[in-house]
Amino acid sequence: MPTTRFTPSDVDELRAVLADTTASHPRLLVEGAGTAATTGGRPDPADAVVDTTGLSGVLRYNPADMTVAVRAGTPLTQVQAELAGQRVAFDPARGRRGATVGGLLATADGGPARQQFGVLRDLVIGATVVLADGTVAHSGGHVIKNVAGYDLAKLFHGSLGTLGVVAEVVLRLHPLPRHVVTVAVPGPAEEATRTGTDLLGRGIEPAALEWTPDSGLLVRLEGTEEGVLARAGAVEAVGGTILSDDAQAAAWAGVDAVADPAAPGTTVLRAGTLPSDGPGFVATLAAAAARAGADLAVSSGVGTGVHTVALTGGDHAAVLAAAHAAAGPAVTVLRHDGLDPDAPLWGPPPAAVALLRAVKQRFDPTGRFGAGRLSPWLAPVRDVPATEGVPA
Amino acid sequence: MSTSFDARRPPQREVLDDCVHCGFCLPTCPTYAVTGTETESPRGRIYLMDLAAQGTIGVDEAFGEHIDSCLGCLACVTACPSGVQYDRLIESVRPQVERNVTRSRADRLFRGLVFALFPYPNRLRVAALGGLVYQRSGLRALVRRLGLLDRLPARLRALESLLPPVTVRALLARTPERTRPPGAARLRVGLLAGCAQRVFFGDVNAATVRVLAAEGCDVLVPRDVQCCGALSVHAGREDEGLARARATIEMFERYRLDVVVANVAGCGSTLKEYGALLADDPAWAERAAAFSATVRDVTELLAELTPQAPRHPVAARVAYHDACHLANAQRVREQPRAVLRAIPGLQLQDVAEAELCCGSAGIYNLVQPVTAEELGQRKAANLEAVAPDVVVTANAGCLLQIRRFLDAGIPVLHPVQLVDASIRGCDPV
Amino acid sequence: MDRVALQAELVAALGADAVLTDPVSLRAYECDGLTGYRVVPACVVLPRDTAQVAAAVRVCARNGVPFVARGAGTGLSGGALPVADGVVISLQRLRAVVSVDPVNRRAVVEPGVTNLDISRAVAAHGLYFAPDPSSQQVCTIGGNVAENSGGAHCLKYGFTVHHIHEIEVVLPDGTVTTLGGPAPHQGGYDLLGAFIGSEGTLGIVTRITVKLLPRPAAVQTLVADFPSVEQAGDTVTAIVAAGIVPAAVEMMDALAIEAVEAAVSAGYSRDTAAALIVELDGPPAEVTAQFAEVERLCHEHGTTKVHVAPTPEARAAVWKGRKAAFAAVGRISPNYFVQDGVVPRTRLAEALTRIGELADEAGLRVANVFHAGDGNLHPLVLYSEARGEHERAEHLSSSIAELCVDLGGSLSGEHGIGTDKACSMPRQYDDADLATMTLLRRAFDPDDVCNPGKLLPTPRLCGERPGPHRPHPLEAAGLIERI
């Protein structure tokens, strides 16, 4: 680990740190709360760490406009705590461990609320980023509807600290629901997918629709009390049981535990598939895990086709290989504690890998940021077949 | 500012200025649907008219091509939120093109042939008899079998295939000059027998007369062989069209009618337009306006009259096709549907792309056969998609065009024929 | 490059029927929905498929010829304005709905399909495409992707960027690639998100996988009349503060209502200062409960009349009126500019007051139509070319856009920057912001051939630091003209 650690507390300090250290500390590692230190790669040794946790605090909260501007190093939980009757409609598992807003953006993390509200790409309406040479750039603003200019926040979504440092973020807010109920419908993945598709088609509008083998299909309903109860009744009619408050909390904690497990030596990956391919994908991974002697925990967004898989024990590389084979570039390794240090974390590159590299080259031409992350897509090695665009 | 139009009724500046270039007309325009080119859209055509009015471009062949290609279906007028009177624009620009653009020899000859034939029922009847011989004698089958058809120019091919399956009896049938209602007459009604209509659709005229009489109308059908001028007006042959308008007014005035009925949408819309067309003619303006005020489409009149003849059930799924000159030019959409819905047992189906023209549009399918064919096929596919027992439409051109492309097992009728069948309690087909 | 040689190369690549070269046809492409800027292109091509789009782009790239993609040409910011000596690539022959997957609630469509036709094509499955710009019956999905279109219902449902899974793109060098994927989780930068809303400057979208939503189980719409625009604005704030997220909240002032009623007779009251349209949709019990609350809030804030649309047909009439508003203004004014600024919702009343003052100063009328729920204003500046009011109107329109930025909002909520506002961008973003945006542009388009001159200010077009309301330099140079 490098010994030098910069902890700027506002955009100006961050700009100065980056601008002043291009020669002295050419290679930097951006770090937030450290809750996703191993996501998406194995960072190469750097000359210094840029610690964003000092960039903390709510800058401007406009409850009537339902927007909040925060420094990117602010923990999500702290943002939520400062809102009155409102929320950032975003529930990533590692939020409870103090993950920062900027870190959650850079890792493209998300939770079950993805079903209705999406993830930070969908909730961020403005961003301030600082580039390798200290350039401070804004995009978006403080209004929800805004198409002026390119949306740099999207570009930084999933960038894993390879393009620059996210300094400030403006978020759109949603009202806190007056009433929340979770209905559990037991059954295997195929049945959950069928039930979920049916419920969506009937306009039930679930806030979350997540399946785990233990809980079955969890249908989270938010709204007015009478509205929620009416919809809960419809879910009960297809075999569901309304969970008590405690059972509800336990069930969602179980979903969180897949994405952010406490056990050491765990590998966690996230993958996207067509929703209807979800059960097959989960079965493929379960079979691979059984062959490799690994225990597999899974939670699947039935409406979104986003699956989170945790592996303990056994050989994780074989299961990851099966995931890469089935879901290609839509697989991210959130934690690789159970993998060998040289096991490849990324699968086949996306069709647009040449564009990823071009963006990286333009934004960070000297390669200051995040070496080792998003590798080998950004730094190609010979044996990775590129499926990038070919002239038609 | 110099203009490229001549001084005779050029498009009016105020009407051109109404267009704000929003493009709401694009999806309703049949030629745009087929080609996707801006110049084949109402917005593009208005833009070119505007440029010509400013003298930026000339009124030449390149310009005329885009005006000629307009079907005149006027779906754009219905769609336009700014109220652009495209009908007025195209009707003033077509004569400009007729006068100022030199057409190719082949084009002139073909147009000459069409206008020497269609407005003249007796000539048309002779031609149709020839066609009948051609169809019946096996000559048509032979021509088709030998693939000779494919060697004909597209326009002649269109003419060939539009020939409806007619019988000698139907061809020679004449509608009686006066038909009295069974009881006291509610109205004294004149029916325009039409030119192509009376040759090819004598049965529609007969059904119209029966239905109107059954509903208490004293029905008069002038014997004069008189084209109303619709084909000429829609093609920009202004002088010819106006002469026919005057003669038609004169003809009907002799009968002292309450209502003049048309059962061909294209004719009806022109009859209703006489007032506007002759507005500049001091000797005729008032007469024409008074005449136009008495004109109704047959479905419009039936919807106004409280039914007195009992209707028998007609158990059929019916797809109704809006003829452009009824729906857009006359804004008659609900009345034919209401008249059909009043028939017990009849199920009226909604059809996709209902606003899209079938490609007939006066003589369009003869002079622009490629576009017309694509539109005809598209219309037929949309109609077939609702699996109708019968397709109905209130315009002779549409009847011919749809008949050509629709599955031969589905009859194509005029709505009044269904009403007639319902009143008489017989099978409409 | 020599125009004739370029045309010949395009004809060789695409076939003669896909290339328009005659001067009359080219004139028809000289502007889009914003007719104030006009540039005649060297050539227009109408490819039929992705391969033909790529072929056309490769011809351009090889010769360094700029190209501009064009959909239905309804854009209001001059985003599809041709480049002189450049090529316009019209996508109006890519109009297929390729496939519909009702189980996974998505459809694959070509870019020339209209927004409304997507919903029509999937209606049988109880699904629809949520973004609904007012021009939805004519604007194309390709244009929606380019502009990140919103519409009346984006308050609840978001913008185009929230409703696209995957796009196939022809990049400015003529290669074909794919952005996004089957699920919302994909590895790497969100290039899909960055591309959507890039106004045709990063490439040409040739195939789109759109997300479809189930038709809401219940929909309720009301129109509430208010004696003042301010009271209507306060009502919006109260509704949102109550924790209600309506599907849509729209407002029209008296002048806009007059135009709409003249055009489509939608049933709005002609004698009210402001009409507020509130639509709720979702599960029936939620809608019923919240609708009662919305009605109560309208009354609390002084509504003079609440009209609840009793049937789907009545609701359609309300929306038909609202969506026809821009074009309908043609009925009450010979000419007008549509503005598209955004202010924070809490500053709506302030913005409207200032707009009224600015209009009075200019001696012109302004009709206001806006998406009140998200603070997106569409002031319509009415003027008469014949009375020589053009310049004053243009000045007023730009002042309104800049007012929005000054109030903490944005130059554009949905119409885009395009040609019209490129030179105003420095009002909202500083040099470093714009330079950073240029990095993204150059990553996609290193040679600046893809819709150049749009979205970002360029020194050539805007001068070193544009002040407001100068004549467009292209205009001064006689390269473009205004009407």
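Sequence lines set the chain letters: A, B, ... in the order given, protein chains first and strands last, and positions in each chain run from 1.
Interface residue A:R178: only side-chain heavy atoms are found under 4.5 Å from chain C. Heavy-atom distances place no part of A:V119 under 4.5 Å from chain C, backbone and side chain included. Residue contact with chain A, scored on non-hydrogen atoms closer than 4.5 Å, is absent for C:L213. Interface residue A:L152: only side-chain heavy atoms are found under 4.5 Å from chain C. For a residue to count as touching a neighbouring chain, one of its non-hydrogen atoms must lie under 4.5 Å from one of that chain's; by this rule C:P102 does not touch chain A. Residue A:A148 touches chain C through both its backbone and its side chain, counting heavy-atom pairs closer than 4.5 Å. In this structure, chain C has a heavy atom under 4.5 Å from the side chain of A:R172, while its backbone stays farther away. Looking at A:A271, only its backbone comes within 4.5 Å of chain C, counting heavy atoms on both sides. Both the backbone and the side chain of A:L200 come within contact range of chain C, each with at least one heavy atom under 4.5 Å from a heavy atom of that chain. With a threshold of 4.5 angstrom between heavy atoms, A:V136 approaches chain C through N, CA, C or O but not through any side-chain atom. For A:I144, the parts lying under 4.5 angstrom from a heavy atom of chain C are both the backbone and the side chain. Contacts between A:T135 and chain C at a heavy-atom distance below 4.5 Å involve the side chain alone, from C-beta outward.
Distance alone, capped at 3.5 Å, is enough to place a donor-acceptor pair between the A:R373 side chain and the A:T39 backbone. Remark: side-chain polar atoms of C:D173 are paired, donor with acceptor, to backbone N or O of C:T175 under 3.5 angstrom. One N or O on the side chain of A:R231 and one on the backbone of A:E222 form a donor-acceptor pair closer than 3.5 Å. Within the 3.5 Å criterion, the main-chain N or O of A:T67 finds no donor-acceptor partner in the side chain of A:N62. Remark: the backbone N or O of A:A259 is not paired with any side-chain donor or acceptor of A:R270 at under 3.5 angstrom. At distances below 3.5 Å, at least one donor-acceptor pair connects side-chain atoms of C:N148 with backbone N or O atoms of C:T160.
If you tally non-hydrogen atom pairs under 4.5 Å between each of C:A422, C:S412, C:P214 and chain A, the highest count goes to C:S412. When the candidates A:D151, A:L160, A:N146 are compared by the number of heavy-atom contacts under 4.5 Å with chain C, A:N146 comes out ahead. Interface summary for chain C: among A:G305, A:A230, A:G40, A:S139, the most heavy-atom pairs under 4.5 angstrom belong to A:S139. The greatest number of non-hydrogen atom pairs below 4.5 Å with chain C, out of A:V306, A:V359, A:T193, is found for A:V359. Interface summary for chain C: among A:L163, A:L176, A:L229, the most heavy-atom pairs under 4.5 angstrom belong to A:L163. Per-residue counts of heavy-atom pairs under 4.5 Å with chain C were compared for A:P177, A:A327, A:P275; the largest is that of A:P275.
Within the 4.5 Å cutoff, side-chain heavy atoms of C:T50 are placed close to those of C:E168. Residues C:C154 and C:H163 have side chains not in contact (no heavy-atom distance under 4.5 Å, counting atoms from C-beta outward). Side-chain contact check for A:K154 versus C:V161: some heavy-atom pair is nearer than 4.5 Å.
A distance below 6.0 Å separates the ring centres of C:H378 and C:H371.
Defined by atom type and a distance below 3.5 Å, a donor-acceptor pair is present between the side-chain atoms of C:T346 and A:D65.
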